[in-house]
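Every number for a ligand or one of its atoms is a count from 1 in the order of the listing.
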Amino acid sequence: MRILYVEDNMANVSLLKRVAHQHTVLNYIDGEEALHNIAVDKPDLILMDIQLAGTMDGLEVVQQLRKEGYTLPIVAVTAYAMLGDRERCLTAGCDDYIAKPLSIPRLVELIKHYEQQTTPPAPSADHDPTQSAESEESL
Ligand code: MN
């Protein structure tokens, strides 16, 4: 599946790319840029950091996406450890919430969960599941 991770901390993006190496991971550090490209990027799952580069925060981006009729899953990624933060994310239109620092088991679980909701790609004759061909992996 195609995972769009809107995040301005590249260490977190690298971590997701390692965990989700059999998926395509797209990244923007700027929420407005992500909004502008969403129709072209066509992600199956969005992970949305809250504090972003640029003028919009993650929750504003989510609110805008939902206002535009975007229905696919969005998971908030936030370092805010405050009580009630989950509520703010859900109110903004997120489906779920994951806390920073990112936990690898939690990421694996999350990806597995949304994988099952996404239509698998048609099998192709030359596809070798034992071979990982992700170029981003070298980051
Ligand atoms: Mn951030």
Look at Asp95 together with Arg66 and state whether they make a salt bridge at an N to O cut-off of under 4.0 Å. yes
Strictly distance-based, threshold 3.5 Å: is any side-chain N or O of Glu33 a donor or acceptor partner for the main-chain N or O of Asp30? no
Which N, O or S atom of Asp8 lies nearest to the Mn ion (ligand 1), by name: OD1
Backbone or side chain, does Asn9 get an N/O/S atom under 2.8 Å to the Mn ion (ligand 1)? no
Any N, O or S atom of Asp49 closer than 2.8 Å to the Mn ion (ligand 1): yes
So, Glu7 and Lys100, do they make that salt bridge, N to O below 4.0 Å? yes
Does the pair Glu109/Arg106 count as a salt bridge with the N-to-O cut at 4.0 Å? yes
